[in-house]
Each structure stands twice: as structure tokens, then as C-alpha cells.
Visitor: 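Provided herewith is a single structure, encoded as C-alpha cells, for subsequent inquiry.
This structure is a prediction, so every number in the text was calculated from the model and none was measured.
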Amino acid sequence: CDYGNPRVRGSLVVEYGDGERFFLHTGGNFSKVASPVIYNNVYLGERYDSRIRFGEQQAGAAHVFPPIDSVLRGALCPADRQIRTLVPRQIWEEGERRIYDLGENTTGKISIVTSAPSGTEITAIFSEVYDSQAHQLRCASTGTDRNNQGQLQKLTYISDGTPFQR
């Protein structure tokens with residue numbers, strides 16, 4: 001799945017104690033800045049380069065896309081929140097891979113603590129099924145591509161070389 005160029009459309013309404021309101025709307029006056037998140041897709045995962053510091057580098061003016069026919073509304077659901085922390089039930093190694101089995105299907109995010117040298121890539125691939133006979137992940141449960149093959153949903157973290165980075 002490719003959703004095209006990253007886009008944002010938003011309005012921020014600040015209401016002061018005296019009832020006065022301030023409105024901030026996205027548009028041509030916005031600029032974009034560098035971010036350690038260099039790729040993000042809800043189905044295919046994320047690529048995060050910790051060597052890039054958010055906002056340190058100006059990346060230029062934001063591109064203004066033609067308006068789309070939609071109504072901007074506030075969120076209709078509660079915000080995401082942490083409910084619990086899972087610890088792997090099993091951990092084993094196969095060659096250079098380390099497999100962590102949480103023992104259940106879930107959604108969430110992982111935490112990585114590393115002291116790897118700068119530029120080292122650490123990749124986590126997510127799947128609901130591991131075929132121990134074939135020694136491979138079955139990714140069809142995370143969505144399928146046009147050929148009905150499983151999509152690899154993965155997180156790639158690029159180390160900046162500092163000790164015990166998260």
C-alpha cells in the first residue's frame with residue numbers, strides 16, 4: 001500500500017480563560033523540518049534514524065496540495081494509551097535472527113535499548129504466525145499485497161552510536 005506523499009490537514013483552536021479564541025490552520029505558511037522518522041506506513045511499519053534530530057535541520061516550505069472534499073472534525077475516539085507491558089514468553093535464535101514470542105496477538109510498540117555503533121540498523125519484523133518447520137514468519141495476517149502475498153510489517157531503527165539509547 002502506498003498512500004503517496006505525507007500530508008497533514010489540521011486546525012488548532014486555543015481558547016483562553018477570558019473566552020477569546022486563537023485559530024491556527026495548516027496551509028502555505030507552514031514549513032517542514034527534518035525528523036528521525038524517515039518512513040512511516042500504518043501497514044508496512046516505520047524507519048527511524050536516531051542520527052537525525054527533530055527540527056535541527058530546516059527541510060523547506062511545506063508543499064500545499066489541492067484541497068480535498070472533506071470535513072475536518074475532532075477525533076471521534078479516545079487517544080491511544082498504554083495498557084500494559086508485555087514480556088516475551090519465549091526467545092530463541094536462528095542464525096543471526098533472534099525471535100521474541102509474546103504468546104498472543106496484540107498491537108502496540110516495542111522499546112529498544114542499544115549501544116550499537118552509529119549507523120547500525122536493527123530491524124524488527126512483525127507477524128502473528130511463525131512456521132517453525134520452514135523457519136519463517138507467515139505475514140499474511142498483517143495484510144496482503146496485490147499478489148495476495150503477506151506484507152512485511154517492520155520497524156527499522158538506525159543507531160546514533162550513543163550508549164544505552166532508546
Visitor: side-chain contact (heavy atoms from CB on, under 4.5 Å) with Phe22: which residues, sequence neighbours excluded?
Guide: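 For Phe22 the side-chain contact (heavy atoms from CB on, under 4.5 Å) partners, ignoring immediate neighbours, are Val14, Tyr16, Leu24.
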Visitor: Residues two or more places apart in sequence or in another chain: which of them pass side-chain hydrogen bond (donor to acceptor under 3.5 Å, both in side chains) with Thr123?
Guide: Thr156
Visitor: Hey, could you give me the CD/OH distance between Glu46 and Tyr39, rounded to the nearest 0.5 Å?
Guide: 10.5 Å
Visitor: Would you compute the distance between atom CD1 of Ile38 and atom CD1 of Ile52 and round it to the nearest 0.5 angstrom?
Guide: 5.5 Å
Visitor: I'd like to know if Tyr48 and Ile122 are part of one continuous hydrophobic network [Ile/Leu/Val/Met/Phe/Trp/Tyr, side-chain heavy atoms within less than 4.5 Å].
Guide: yes
Visitor: Report all side-chain donor-acceptor pairs from residues 74-89 shorter than 3.5 Å, counting only partners two or more places apart or in another chain.
Guide:
from	atom 1	to	atom 2	distance (Å)
Gln82	NE2	Thr85	OG1	2.9
Arg84	NH2	Glu104	OE2	2.6

Visitor: Can you check side-chain contact (heavy atoms from CB on, under 4.5 Å) on Ile110 and Tyr100, steps first, answer last?
Guide: CA-CA 11 Å; Ile110 63 171; Tyr100 297 84; over 6 Å; no
Visitor: Name all residues meeting the salt bridge (charged side-chain N to carboxylate O under 4.0 Å, His left out) criterion together with Glu15; count only those two or more places apart in sequence or in a different chain, and write none if there are none.
Guide: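 Partners of Glu15 under the salt bridge (charged side-chain N to carboxylate O under 4.0 Å, His left out) test: Arg21.
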Visitor: Report the C-alpha separation of Tyr157 and Ser50 in whole Å, then their side-chain angles, then the decisive distance to 0.1 Å, and conclude whether the side-chain contact (heavy atoms from CB on, under 4.5 Å) test is met.
Guide: CA-CA 7 Å; Tyr157 177 86; Ser50 64; 3.5 Å; yes
Visitor: Quick one: side-chain hydrogen bond (donor to acceptor under 3.5 Å, both in side chains) partners of Glu93, sequence neighbours excluded?
Guide: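 For Glu93, the residues satisfying side-chain hydrogen bond (donor to acceptor under 3.5 Å, both in side chains) (neighbours in sequence not counted) are Arg98.
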Visitor: Applying side-chain hydrogen bond (donor to acceptor under 3.5 Å, both in side chains), name anything that partners Ser159, two or more places apart in sequence or on another chain.
Guide: Gln165
Visitor: Please answer: with hydrophobic residues joined when any side-chain heavy atoms are less than 4.5 Å apart, are Ile125 and Trp92 in the same cluster?
Guide: yes
Visitor: Taking side-chain contact (heavy atoms from CB on, under 4.5 Å) as the test, write out the residues that go with Arg51, two or more places apart.
Guide: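 Residues passing side-chain contact (heavy atoms from CB on, under 4.5 Å) with Arg51: Asp49, Ser118, Ile158, Asp160.
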Visitor: Does anything in residues 68-91 pair up under ring-ring contact (aromatic ring centres under 6.0 Å, His included), and if so which pairs, sequence neighbours excluded?
Guide: none
Visitor: Among all residues two or more places apart in sequence or in another chain, which pass the side-chain hydrogen bond (donor to acceptor under 3.5 Å, both in side chains) test with Asp101?
Guide: none
Visitor: Once you round to the nearest 0.5 Å, how far does OG of Ser115 lie from CZ of Phe164?
Guide: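 One finds 4.5 Å between OG of Ser115 and CZ of Phe164.
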